Amino acid sequence: MDNYISTHEATIRLGVFFGIFALMAMWELLAPRRVLTQPKSARWLNNIGLVVLNIVVVRLIFPTAAVGVAAYAGERQWGLFNQLDTPGWLAIVATVILLDGVIYLQHVMFHAVPAFWRLHRVHHADLDFDVTTGSRFHPLEILLSMLIKFAAIVLLGPPLVAVILFEVLLNATSMFNHSNVRLPLGLDRIIRLLIVTPDMHRVHHSHLAYETNSNFGFNLSIWDRLLGTYRAQPEDGHTGMTIGIDTFRDSAQCIPLPRLLMMPFTGVVTDYAINSRRREPPDES
Ligand SMILES: [Zn+2]
Ligand SMILES: [Zn+2]
């Protein structure tokens, strides 16, 4: 099993990626939630161009990926689950939940720290919200998040199957919860008890800073509820809200791939990041 996962890691992940992508893209055509504000062909060409670039960069720099790190830790008996005599199923469930918690905390950090926000705002500067937004990240953010994930894997010492399961789940749920799809509201309420839905994550893509800084979960919705960052709906409604960030509103800045790659190094950090928030001076009277 471990051997199969190690040798077929890329095929499994790409297969699931294309399958879920095609499914969500079709669903968006049949039952869209919002009317897109930008030409879809231009956004998709550049967003998908960024995805392809990221796949190449990650494969070049980290050819063995997260599964390789888990195998390495396993051979040396590093990490919690390699040290404890945990039943396999428990180690798998715990790994998926704990890695999801790490990704949640990492996401909060990418919003709070000004230099990291410069990277992460490439994701947020998309002027529309659809399945391609789910994979639109600056290569430096991808590389940093890989390193954080590798560190978590070394500490956890998880089974290989748990790591590939987590990667596939994260990728699939990210495409699902960024999709411009209409779900019946009753169904949305049930699903979001456990999993982040498109309506829940769309709040996070509002241009209003207090909405952007909520709903950080990518997969499980429990972290936002437990840790106090949950916001149920956008103030202006799902069809009336403005998607994106106030720093970059011009489509000439927010769509072309070269501009996305340069985005972290241009513009100022506004009050989305933690220490850039302006407060009214205290009232002296
Ligand atoms: Zn974010
Ligand atoms: Zn997002």
Side-chain angles (χ1 to χ4, degrees), residues 17 20-21 24 28 33-34 36-38 43-44 46-48 50-51 54 100-142 144-145 148-149 169-181 183 188 192 195-221 223-224 227-231 233-234 238 241-248 254-255 260 263-264 267 269-274 276-277:
F17 173 78
I20 305 283
F21 185 91
M24 297 319 300
E28 285 185 345
R33 181 70 154 119
R34 288 167 51 95
L36 298 180
T37 65
Q38 306 296 317
R43 273 187 58 253
W44 276 42
N46 288 281
N47 282 0
I48 293 171
L50 184 55
V51 176
N54 282 333
D100 196 55
V102 170
I103 297 288
Y104 165 90
L105 287 175
Q106 172 196 307
H107 191 185
V108 173
M109 180 186 78
F110 269 98
H111 275 248
V113 180
F116 291 159
W117 170 248
R118 281 183 173 275
L119 300 175
H120 185 58
R121 64 188 181 177
V122 170
H123 179 65
H124 280 271
D126 202 344
L127 296 170
D128 280 317
F129 176 88
D130 68 15
V131 61
T132 64
T133 315
S135 307
R136 177 182 143 130
F137 293 96
H138 194 277
L140 289 175
E141 176 171 357
I142 297 274
L144 265 172
S145 60
I148 293 168
K149 195 160 39 185
L169 268 178
L170 185 71
N171 195 231
T173 50
S174 179
M175 281 191 281
F176 166 68
N177 63 40
H178 283 88
S179 290
N180 181 34
V181 297
L183 272 179
D188 176 286
R192 75 160 73 182
I195 302 279
V196 177
T197 62
D199 274 10
M200 181 175 161
H201 191 68
R202 194 177 298 102
V203 179
H204 184 74
H205 282 260
S206 156
H207 78 120
L208 301 169
Y210 58 89
E211 290 186 340
T212 315
N213 288 314
S214 61
N215 298 2
F216 293 96
F218 259 96
N219 187 350
L220 297 172
S221 63
W223 306 113
D224 285 297
L227 300 173
T229 48
Y230 178 67
R231 192 175 287 274
Q233 305 296 342
H238 287 284
M241 67 187 286
T242 302
I243 299 286
I245 49 174
D246 293 333
T247 326
F248 300 104
C254 299
I255 295 181
L260 300 185
M263 193 176 270
V269 172
T270 58
D271 54 4
Y272 290 98
I274 205 163
S276 305
R277 287 171 205 157

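Numbering of ligands and ligand atoms starts at 1, following listing order. If you're wondering where the values come from, they're calculated on a predicted model, not measured in any experiment. Numbers here are sequence positions counted from 1.
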Exercise. Is the centre of the F218 ring less than 6.0 Å from the centre of the H201 ring?
Worked result: yes

Exercise. What angle, in degrees and rounded to 10°, do you get at the Zn ion (ligand 1) when you join it to NE2 of H111 and to NE2 of H120?
Worked result: 100°

Problem set entry | Metal check, the Zn ion (ligand 2) vs H204 N/O/S, cut-off below 2.8 Å | no

For this session: With the Zn ion (ligand 1) as the reference point, give the N/O/S atom of H124 that is nearest.
Result: NE2

Exercise. Hey, is CG on L227 packed in by over 12 heavy atoms from elsewhere, all under 6.0 Å?
Worked result: yes

For this session: Give the ring-plane orientation class for H205 versus H123, where under 30° counts as parallel, over 60° as perpendicular and anything between as tilted.
Result: perpendicular

Exercise. Using the ring of each side chain (for Trp, its six-membered ring), is F216 parallel, tilted or perpendicular to H111, with breaks at 30° and 60°?
Worked result: perpendicular

Exercise. Would you find a donor on one side and an acceptor on the other, under 3.5 Å apart, between the side chain of T242 and the backbone of H207?
Worked result: no

Seminar exercise, completed: Row for the Zn ion (ligand 2): angle NE2 (H201) to NE2 (H178), 10° precision, value 90°

Exercise. Is there an N/O/S atom in H205 that lies less than 2.8 Å from the Zn ion (ligand 1)?
Worked result: no

Exercise. Taking both backbone and side chain into account, is any N, O or S atom of H123 nearer than 2.8 Å to the Zn ion (ligand 1)?
Worked result: no

